[in-house]
Amino acid sequence: MNSKLDLIIVSSIKLSQTLICWLMFKKFSPSSDVAGHTPVKSSVQRAIRGTVLSQWKIESETLEAIWPKKEGLVHVKCREHISIYTVHGEPLLFQHFDGPLYPTLRILHKYPYILPNVKVDRGAIRFLLAGAHMMCPGLTSAGGYLPPADEALPAGTPVAIYAEGKEHAVGVGITKLSTEEIRNVNKGVGVETVTYLGDDLWVQNSL
Amino acid sequence: MAPRKSRNREPSPPPAPAETDASPQVEPTPPVQVLYCSVCSYPPEYCEFGEHLTRCKQWLHEAHPDLYEKYYSDEALQAKIGTLSLQAQEKLEKDTAKKEAKAEAKADAALKKKMASQITIKRIERNKRKYVTTVHGLEAFGVDLKKVAKQLASKFATGSSVTKNPQGQDEIVVQGDVSDEILEMIEDGVGLLKGIPTDNVELVEEKKKKGTE
C-alpha cells in the first residue's frame with residue numbers, strides 16, 4: 001500500500017516537472033513571453049547547423065534551401081529557457097534549454113522525412129489537438145504505428161507524430177520511453193507532445 | 001555598417017567547402033507543398049477537429065472540390081467510422097458541434113467588444129504653443145501600432161512612436177498638434193487605418209497641469 005502511494009507521489013512529481021518542461025506552446029504569446037530578438041553569431045550558427053545535420057535526417061543541401069547560409073539566424077529568446085530560431089521572421093526550429101532541436105510543425109510539413117515517425121490512432125487526435133501527451137496505448141493500438149524493433153528509437157528522441165488516416169504530421173514530440181518499452185509497458189505517457197497543430201506556436205506565422 | 005562588413009568576412013571560409021559539397025550535384029529536395037485551410041489554418045484533413053468545421057467545409061468545397069470529395073464524401077466518412085466504435089464517433093461529432101457553437105459565440109463576443117471599444121485622440125499641451133498628440137485604443141481593431149506610427153510619422157513629417165502609457169497600455173504618440181488630421185485620416189480610412197468605425201473616436205484635450213501660469 002505504502003509503496004503504491006510512494007509511486008503515485010513520485011510519478012506526480014515527475015509529471016509536474018515534465019509539464020513545466022514540455023508543454024511549451026500551449027500558452028504562448030509573443031508580447032509577454034518573448035524576451036528579445038538577437039542575431040546569432042556566425043560561429044554559433046555553424047554549431048547549430050552541425051547539430052541540425054546530425055540530429056535530423058536532412059541533407060545539407062536541403063537545409064541550405066530552408067536556411068540559406070547567407071541569411072542570418074535570429075534567436076528569439078522566450079521565457080523558461082525556450083529559444084526559437086527564425087529566418088526572416090519565420091520560425092524554423094526551437095529548443096528548450098540545451099535539449100534537442102525541434103523543427104516547427106510547418107517545416108516538418110514541408111520536409112516530412114527529417115524526423116522519425118510515430119503514429120497515433122484516431123481516438124487520440126482529439127486529445128493531441130488539445131495539447132495532451134501521447135499515451136502508449138494510442139501508439140500500440142491497431143491504428144497506431146511505432147518503428148519496428150530493428151529501428152527502435154531510444155527514449156528522448158524527437159519524433160514526428162502522425163495520425164491514423166491522415167497524411168500530414170499533427171505534432172512534434174519527444175519519446176519518453178524507448179519504442180520497445182512503449183510496446184512492452186503499454187501504459188502511461190509514451191511520447192510527450194512538444195508542439196501540435198493549432199497551438200500558439202502554430203498560430204505565429206512570424207516572430 | 002562596419003560590423004556588418006566584418007561579419008561578412010568571418011564566414012567566408014565555409015562557403016568554399018560548401019561549393020565542393022555541391023559539386024556532386026545533390027539537388028536539395030523540394031519541399032512538400034501543403035495546403036492549409038484558409039479558415040482554421042490546419043491542413044484540410046484536420047478541419048474536422050477544428051472549431052469552424054462548417055465554414056472549413058464550405059471553403060474547401062468552393063476552393064478545392066476534389067479534396068472536398070476526398071475528405072467528406074460518403075465513402076470517406078464510412079472509412080473513418082470503421083476505425084472507431086460508433087459511439088465514440090457520435091461523441092466526437094457532438095463534441096465538434098459543441099466546440100463550433102462555442103467558437104462562434106466567442107467570435108461574436110469579440111466582434112461586439114471590438115465595435116464597442118473606444119479610440120481616444122488626446123492633444124496634450126507640452127509648452128504653451130507646443131503639443132503632442134496621443135492615439136489610444138487602436139490595437140483593438142487589429143492594426144499594427146508600429147506600422148501606423150510609421151505611417152503617421154511620414155504623413156506629418158514629425159516624430160511618432162509607440163509608447164506605454166502609465167497604465168501600461170500601448171499608445172501612439174505623435175509630435176505636434178495633429179489631432180484633427182488624425183481624426184480625418186480615420187474617417188477616410190487612409191492606408192492602415194481602414195475599417196475603423198468613426199463613431200468610437202473621441203477627441204480629448206489635456207492642459208498642462210498647474211505651474212505654467
Side-chain angles (χ1 to χ4, degrees), chain A residues 31 39-46 49-50 53 57-72 105-114 121-130 141-144 162-171 196-199 202-205, chain B residues 3-4 6-15 17-19 21-37 40-51 67 70-71 76-77 79-85 87-89 91-93 95-96 99 139 145 164 168 170:
Chain A
S31 56
V40 179
K41 276 196 282 186
S42 66
S43 56
V44 179
Q45 279 194 39
R46 230 171 1 237
R49 203 178 277 273
L53 286 174
K57 269 186 277 169
I58 190 167
E59 316 88 61
S60 51
E61 286 76 19
T62 315
L63 184 63
E64 180 74 28
I66 318 177
W67 168 19
K69 276 210 181 75
K70 287 266 167 63
E71 308 298 346
L105 201 52
R106 280 176 209 275
I107 295 297
L108 188 67
H109 279 165
K110 284 184 190 157
Y111 302 93
Y113 48 82
I114 54 183
D121 61 16
R122 204 177 137 73
I125 303 178
R126 192 153 71 93
F127 300 104
L128 178 52
L129 289 184
S141 70
Y162 283 77
E164 179 188 1
K166 306 286 181 195
E167 189 185 339
H168 300 295
V170 58
Y196 57 94
L197 202 58
D199 68 356
W202 171 263
V203 175
Q204 304 305 324
N205 278 320
Chain B
R4 200 167 172 207
S6 67
R7 196 177 302 149
N8 268 346
R9 204 170 297 145
E10 217 176 284
S12 59
E19 268 166 41
D21 257 7
S23 60
Q25 284 304 315
V26 190
E27 285 290 308
T29 327
V32 179
Q33 291 297 332
V34 185
L35 176 79
Y36 294 119
C37 172
C40 63
S41 85
Y42 295 179
E45 52 187 3
Y46 288 108
C47 280
E48 54 176 323
F49 296 99
E51 291 175 343
L67 282 176
K70 186 173 158 198
Y71 294 134
L77 291 178
K80 262 192 282 185
I81 291 170
T83 58
L84 264 184
S85 73
Q87 231 174 3
Q89 181 67 21
K91 190 167 176 248
L92 185 69
E93 267 164 28
D95 264 16
T96 322
K99 235 196 229 164
E139 70 275 7
L145 289 187
K164 278 212 161 75
D170 278 336

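Just so you know, these numbers use all the heavy atoms, side chains as well, and skip hydrogens, waters and symmetry mates. Here is how names work: the chains are called A, B, and so on, in the same order as the sequence lines, proteins then strands, and each is numbered from 1.
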For this session: Not counting sequence neighbours, which residues clear side-chain contact (heavy atoms from CB on, under 4.5 Å) with A/Val203? List them please.
Result: none
Exercise. Chain B heavy atoms under 4.5 Å from A/Leu197: which part of the residue, side chain, backbone, both or neither?
Worked result: both
For this session: May I ask you to name which of A/Ala142, A/Gly198, A/Ala130, A/Gly72 has the most heavy-atom pairs under 4.5 Å with chain B?
Result: A/Gly198
Seminar exercise, completed: Given B/Pro30, B/Pro31, B/Cys40, the one with more heavy-atom pairs under 4.5 angstrom with chain A than any other is B/Pro31
Problem set entry | Mutual orientation of the aromatic rings belonging to B/Tyr46 and B/Phe49 [parallel < 30°, tilted 30-60°, perpendicular > 60°] | tilted
For this session: Apply side-chain hydrogen bond (donor to acceptor under 3.5 Å, both in side chains) to A/Arg126 and list each qualifying residue two or more places apart in sequence or on a separate chain.
Result: B/Asp95
Exercise. Can you say whether A/Glu167 sits under 4.5 Å from chain B via the side chain, the backbone, both, or neither, judging by heavy atoms?
Worked result: both
For this session: Give me the ring orientation class for B/Tyr36 and A/Trp202: parallel if the planes are under 30° apart, tilted from 30 to 60°, perpendicular past 60°.
Result: perpendicular
